[in-house]
Amino acid sequence: MKIPSSIWTLLIGIGLTLASLWYGQNHGLLPTAASDEAVLIDGLFNSMMTVSVGIFLLVEGALIYSVIKYRRRPGDQGDGPPVEGNVPLEILWTAIPAIIVIGISVYSFEVYNDIGGFDPHAVHEAPMNQSSMNMPGAAIAATLTEAPANLNQAKSDEAMQDPATAAVRNADQIPQKVDAPGVGSVAPTLGASPDKAGQPASLIVNVTGLQYAWIFTYPDTGVTTGELHVPIGREVQVNMTANDVIHAFWVPEFRVKQDAIPGRQSEIRFTPKTVGDYALICAELCGPYHGAMRTQVVVESQENFDKWMQEQLVASHETMNQAIAVNPANLTPDEFLAPYIKEMGIKPETLHQIHH
């Protein structure tokens with residue numbers, strides 16, 4: 001019995017759909033999802049993978065079928081049928097990709113918004129004075145005549161209020177740039193998600209990138225370290241900049257990446273959800289030793305984080321006492337700090353750059 005072509009089409013469609021759905025959810029291409037943001041991004045990636053696998057199987061299957069079905073037989077010297085086109089088919093294969101692209105665009109927009117990528121106030125943070133806003137037509141004129149506020153300078157000044165951060169940053173040597181949203185020149189920001197808009201993060205960490213290390217300072221504690229320790233389940237806000245060239249803060253398991261740019265104050269937020277040690281990698285070519293610019297992000301319970309923080313505070317206090325007691329005037333900062341940099345995970349070259 002000959003099976004109708006419509007039945008074959010239905011069966012093939014069901015098979016392609018099931019295969020695409022299975023592989024889209026079981027590809028195993030991504031590392032552990034260790035943050036709340038990773039779950040959202042993985043959902044988008046899996047959806048794109050499902051669609052891509054379906055299209056790949058459909059197109060490659062049609063090609064292979066055509067090569068076998070319509071191959072030239074031995075002794076066949078004739079021409080093929082004069083097929084000029086099929087308007088309905090051309091409309092179909094144009095409309096379907098367009099619908100897919102629009103759907104993925106809307107979905108990716110929602111995901112980016114959910115992880116804090118779209119802050120409706122970020123582009124318009126430069127304030128206008130109230131008297132200008134009350135004058136008819138003055139809102140447009142104000143944008144042409146009033147100099148925008150230097151938000152990077154304000155954020156830099158705020159960060160430099162923390163002595164530990166001021167000790168590792170060279171903000172006095174790098175002018176803070178003015179954001180220009182109209183031409184797309186702004187400090188990159190992944191802020192709070194819509195449900196946490198306007199709320200401060202549970203933990204704030206200042207991060208400084210320099211060739212070839214990351215230095216983390218915890219404001220108002222005096223703690224400086226070469227590893228990033230964060231408690232599980234609490235939203236972390238990382239304020240970052242660079243002392244020399246562009247670096248990129250990337251933790252693959254968190255699915256977040258942000259540039260650290262000299263003269264700009266970048267921000268990124270994430271909420272870790274899985275305990276473990278994760279690699280923090282510089283994802284921007286920053287010099288000949290770029291590949292060695294790695295450290296660890298330690299996600300731990302609140303109890304262990306508090307214990308670690310207390311240990312850092314005690315160690316910092318003891319180090320200060322030793323500095324006051326035994327540091328003679330003839331020792332340079334590099335010479336005196338040399339015994340302690342190993343404990344902090346900082347290389348001697350990095351320490352030399354900070355002081356020079």
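Keep in mind that what you see is a predicted model, and the values were worked out from it rather than measured.
- Within a 6.0 Å sphere centred on CD of Glu311, other residues, nucleotides and ligands contribute more than 12 heavy atoms.
- The backbone N or O of Asn243 lies less than 3.5 Å from a partner atom in the side chain of Asn170, making a donor-acceptor pair.
- In this pair, His229 and Trp308 present their aromatic rings parallel. The plane angle is below 30°, not in the 30 to 60° band.
- Counted within 6.0 Å of CD on Glu90, heavy atoms from surrounding residues, nucleotides or ligands total more than 12; the atom is thus considered enclosed.
- By the neighbour-count criterion of 12 heavy atoms within 6.0 Å, atom NZ of Lys177 is sparsely surrounded, having that number or fewer from other residues, nucleotides or ligands.
- Side chain of Gln25 to backbone of Asn46: no donor-acceptor contact under 3.5 angstrom is found.
- In the displayed structure, Asp277 atom CG is contacted under 6.0 Å by more than 12 heavy atoms of other residues, nucleotides or ligands.
- Once rounded to the nearest 0.5 Å, the distance linking CD1 of Ile261 with NE2 of His247 reads 11.0 Å.
- Here Asp114 pairs with nothing under the side chain to side chain donor-acceptor pair (under 3.5 Å) rule; sequence neighbours left out.
- One N or O on the side chain of Arg73 and one on the backbone of Arg71 form a donor-acceptor pair closer than 3.5 Å.
- Checking side-chain atoms of Glu227 against main-chain N and O of Thr295 turns up no donor-acceptor pair under 3.5 Å.
- Residues Gln310 and Asp306 have side chains that never bring a donor and an acceptor to within less than 3.5 angstrom of each other.
- Panel note: side chain Asn206, backbone Thr217; no donor-acceptor pair is recorded below 3.5 Å.
- Using bins of under 30°, 30° to 60° and over 60° for the plane-to-plane angle, the ring pair Tyr289/Tyr212 lands in the perpendicular bin.
- For CE of Met48, the number of neighbouring non-hydrogen atoms (other residues, nucleotides, ligands) closer than 6.0 Å is 12 at most.
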